[in-house]
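Supplied in structure tokens, the structure appears directly below.
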There are 4 protein chains.
Amino acid sequence: MSSTGEAPRKNRGPAAAAENRQALIDAARDLFAEQGFSVPFSAIARRAGVGQASLYRHFPDKVAIGVAVFEENLRLLEARPVGLHDFLVSIADQAKVSASLLEALVTSRSPLAEDLAVRLSAIITDMIARDDLPPGTTVDDVQAAVSMVAFHTAAAPTPDAAERAIAIVERGLRAL
Amino acid sequence: MSSTGEAPRKNRGPAAAAENRQALIDAARDLFAEQGFSVPFSAIARRAGVGQASLYRHFPDKVAIGVAVFEENLRLLEARPVGLHDFLVSIADQAKVSASLLEALVTSRSPLAEDLAVRLSAIITDMIARDDLPPGTTVDDVQAAVSMVAFHTAAAPTPDAAERAIAIVERGLRAL
Amino acid sequence: MSSTGEAPRKNRGPAAAAENRQALIDAARDLFAEQGFSVPFSAIARRAGVGQASLYRHFPDKVAIGVAVFEENLRLLEARPVGLHDFLVSIADQAKVSASLLEALVTSRSPLAEDLAVRLSAIITDMIARDDLPPGTTVDDVQAAVSMVAFHTAAAPTPDAAERAIAIVERGLRAL
Amino acid sequence: MSSTGEAPRKNRGPAAAAENRQALIDAARDLFAEQGFSVPFSAIARRAGVGQASLYRHFPDKVAIGVAVFEENLRLLEARPVGLHDFLVSIADQAKVSASLLEALVTSRSPLAEDLAVRLSAIITDMIARDDLPPGTTVDDVQAAVSMVAFHTAAAPTPDAAERAIAIVERGLRAL
DNA sequence: AATGAATGAGCGTTCATTCAT
DNA sequence: TATGAATGAACGCTCATTCAT
């Protein structure tokens with residue numbers, strides 16, 4: 001009974017929990033990038049190579065895992081702050097993921113999501129100061145710009161969509 | 001709740017065709033407004049009080065009925081041209097419908113959709129001229145602004161989202 | 001009211017009945033040849049360019065129109081009798097139609113179908129005599145051979161299926 | 001009609017997988033026998049007392065389950081080889097199933113189906129040798145005979161259809 | 001705690017059949 | 001009598017969610 005076994009995947013005990021969680025988050029990010037937020041929730045478990053119930057144990061629904069991906073992205077931003085332009089470009093580069101995460105954040109009512117919103121505000125507040133945005137520029141203004149670039153670029157078919165969108169909103173923010 | 005009844009819906013004959021078509025378009029507009037473009041196609045038939053197959057006779061898919069709704073909106077604009085600001089406000093007022101129509105327009109490759117795109121371009125070209133937008137402003141610029149306002153407002157939870165988005169993109173377009 | 005009109009198709013009165021009937025039979029034969037007996041019944045009306053209800057007026061169901069096609073084929077055979085081999089070859093050439101008609105004939109319980117069966121028997125009886133088939137060969141034997149060739153050829157993917165099938169059953173019938 | 005109940009069907013867990021698979025194959029065989037290969041795919045799940053999605057998990061389409069039924073039949077033949085006559089009789093006894101399996105085999109392009117075709121060829125090659133069929137008799141000849149008997153018997157209404165068909169093709173094969 | 005099979009509801013689509021005109 | 005639109009009942013397929021192991 002304790003031979004090499006041919007079991008499809010062993011129950012490796014609690015130790016595997018963290019690994020699984022990370023695999024799920026990575027799979028979700030990939031799938032959001034490829035297919036947008038409308039991927040089947042169960043596809044995430046498949047892609048991660050993890051059982052369905054484990055997915056549900058870690059994340060009760062798609063929004064929850066979206067929030068978790070968001071958290072990772074935020075951590076990167078906190079570690080290495082960027083200016084407005086670079087921020088918008090990175091949003092557009094990952095337009096489908098960005099749009100997915102915004103959907104998740106807006107949809108979620110969890111305290112974790114609240115926390116993320118606060119941390120994002122802090123990042124943006126900092127960015128406004130460091131990047132010489134006109135006085136009066138609010139966090140909400142920048143968030144709106146981000147959302148507009150993300151959703152438009154995710155939906156637009158042409159390759160120059162991102163560039164054009166960024167140009168417009170950046171001018172709109174700076175030309176106060 | 002007395003006698004309106006839920007009779008199995010009588011076949012009113014071909015005379016009902018035009019009525020049904022209009023009922024379907026109206027139902028689609030309502031549902032797009034309530035739930036976005038992702039409403040089940042069959043929900044449109046249900047809401048219109050029309051059989052599934054009649055929906056399919058009139059419109060082969062969701063994109064087709066999206067295009068039909070678009071056409072009605074476009075006709076209004078052609079009849080009564082408006083300036084950029086009013087245009088964006090009306091887009092935002094019907095944000096979910098607007099986003100739905102943009103999705104339909106972008107998704108479709110039908111000649112009918114092409115025709116609508118051309119008509120929309122004409123409207124915007126005219127608007128650029130009449131509304132003193134900076135020389136060099138392109139139709140694509142305005143379309144991007146429209147798309148950004150529509151998608152952002154459709155997704156955003158707060159009531160002032162539209163106003164803020166319009167302010168940003170309008171400034172962005174005028175500040176050339 | 002009696003202008004040139006643009007009505008999709010005028011009600012041309014009883015005179016059109018015969019024409020419609022023939023158009024339906026021709027359409028059915030074509031569709032059986034292309035797609036087998038499983039074509040949607042309504043496709044026949046479409047192909048014939050005739051209203052659905054007219055199809056139903058002339059033929060209550062698919063079996064009935066199959067029988068009608070059969071009748072035409074039988075008339076040709078009565079006008080110009082052929083030998084066993086040529087008969088089997090023509091069955092195989094039109095394998096899908098042949099299989100369709102056999103299905104219709106077997107399924108139908110109408111007196112017309114009975115009549116056709118009788119006429120077919122007469123043709124085969126005549127053929128047995130003229131074609132020197134072994135004494136003792138029954139009409140049922142020949143009918144079975146026809147059915148086998150038709151169904152097998154209709155189902156078989158390879159081009160030599162018909163030839164092989166004909167060789168086997170013809171030998172089987174003649175080698176008594 | 002007292003207590004057998006129609007409980008909403010409990011989830012008996014993964015242990016039921018093998019049972020379910022077998023129940024599906026059995027149900028498919030029954031339904032093919034009763035109604036031919038054209039039974040609705042979903043009817044198989046209903047008959048087996050299994051959810052739709054479980055059917056799809058085990059067999060992606062009707063052809064796949066046809067192949068599985070075929071496999072069982074083939075295994076019996078491999079275990080206990082029979083002569084041509086007995087083979088044709090058993091085909092005819094299960095005419096509708098046989099015709100269904102032939103349709104599945106012909107329709108499928110899967111490697112599994114190829115494998116079955118090869119095994120069937122081996123069985124027939126062996127049979128040709130053991131049963132003194134004339135030299136020159138090919139596997140394709142015998143397969144054609146099988147197909148003809150199966151399809152004809154499945155379609156024919158009369159009880160003596162099988163016997164007659166077998167007599168003809170057997171004579172056709174032996175009288176070389 | 002992890003697995004992955006089972007469930008059933010729902011959506012998209014097609015078809016046979018009816019019915020007002 | 002011919003027309004063709006309307007109807008609703010299936011069928012194929014997928015997905016979110018649960019549960020025995």
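None of the values given here were measured: they were computed from a predicted structure. In what follows, every chain begins at residue 1, and chains take the letters A, B, ... in the order their sequences are listed.
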Practice task
Could you state the atom-to-atom distance from CZ of D:R46 to C1' of F:dA10 in whole Å?
Solution key: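 It works out to 9 Å between those atoms.
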Looking only at side-chain N and O atoms, does A:S42 come under 4.0 Å of OP1 or OP2 in F:dC15?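 So the side-chain polar atoms of A:S42 never come under 4.0 Å of the phosphate oxygens OP1 or OP2 of F:dC15.
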Applying the Watson-Crick and G-U criteria (both distances under 3.5 angstrom) with [ ] for crossing and | for other-strand pairs, one obtains for DNA chain F .||||||||||||||||||||
- Item | hbond_proxy B:Q52 side chain to E:dT13 base (donor-acceptor, 3.5 Å cutoff) |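 Yes, a donor-acceptor pair under 3.5 Å.
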task = Find the distance C:I65:CD1 to E:dT17:C1' and express it as a whole number of Å.
result =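 Atom CD1 in C:I65 sits about 16 Å away from atom C1' in E:dT17.
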Is A:E103 close to A:F151 at the side-chain level, that is, under 4.5 Å between some pair of heavy atoms?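 SC-SC contact between A:F151 and A:E103 confirmed.
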Q. Would you call A:R29 and A:N73 a side-chain contact if the rule is heavy atoms closer than 4.5 Å?
A.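 A:R29 reaches A:N73 side chain to side chain.
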key: Residue pairs fulfilling salt bridge (Lys or Arg N to Asp or Glu O under 4.0 Å) with at least one residue in residues 34-59 of chain C, sequence neighbours excluded   =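 The answer is C:E34-C:R47.
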*Between F:dA6 (P) and B:Q22 (CD): distance, integer Å*: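 Distance, rounded to whole Å: 13 Å.
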Checking the side chain of D:S108 only, and the main-chain atoms of D:A104 only, is there a donor and an acceptor separated by less than 3.5 Å?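 Pair absent, no side-chain N/O of D:S108 close to backbone of D:A104.
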Legend entry - Rounded distance (Å) that lies between atom P of F:dG4 and atom CZ of B:R21: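 In whole Å, F:dG4 P lies 18 Å from B:R21 CZ.
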query: Between D:F37 (CZ) and F:dC11 (P), how many Å, whole number?
result: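 Atom-to-atom, D:F37 to F:dC11, this comes out as 16 Å.
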List for me each residue that meets side-chain contact (heavy atoms from CB on, under 4.5 Å) alongside A:L105, sequence neighbours excluded, and say none if there are none.
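Listed in chain order: A:F70, A:A113, A:L116.
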Go through C:R21 and C:L24 one step at a time and tell me if the side-chain contact (heavy atoms from CB on, under 4.5 Å) criterion holds. CA-CA 5 Å; C:R21 197 189 136 89; C:L24 287 165; 5.6 Å; no
Stretch residues 53-64 of chain B: residues that reach within less than 4.0 Å of DNA chain F through a heavy atom: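 Residues of residues 53-64 of chain B that come under 4.0 Å of DNA chain F are, in numerical order, B:A53, B:S54, B:R57, B:H58.
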Next item on the list: Nearest whole angstrom, please: distance from the C1' of E:dA9 to the CZ of A:F41.
Entry: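 Value for this atom pair: 19 Å.
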Think D:N20 has a side-chain N or O under 4.0 angstrom from the OP1 or OP2 of E:dA6?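 It does, given that an N or O in the side chain of D:N20 lies less than 4.0 Å from OP1 or OP2 of E:dA6.
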* To do: Can you sort out the partners of B:F32 under ring pair (Phe, Tyr, Trp, His ring centres under 6.0 Å), two or more places apart, ordered by chain and number?
  =>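 Residues passing ring pair (Phe, Tyr, Trp, His ring centres under 6.0 Å) with B:F32: B:F37.
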What residues form a ring pair (Phe, Tyr, Trp, His ring centres under 6.0 Å) with D:F59, not counting sequence neighbours?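 Scan of D:F59 (ring pair (Phe, Tyr, Trp, His ring centres under 6.0 Å), adjacent residues dropped) gives none.
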Query raised in the report: Ignoring hydrogens and geometry, is there a side-chain-to-backbone donor-acceptor pair from A:S98 to A:Q94 under 3.5 Å?
Result: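 Yes; judged by distance alone, with no hydrogens or angles, the pair exists.
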Exercise. Take atom CG of C:L24 and atom P of F:dT3, then tell me their distance rounded to the nearest Å.
Key: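 In whole Å, F:dT3 P and C:L24 CG are 9 Å from each other.
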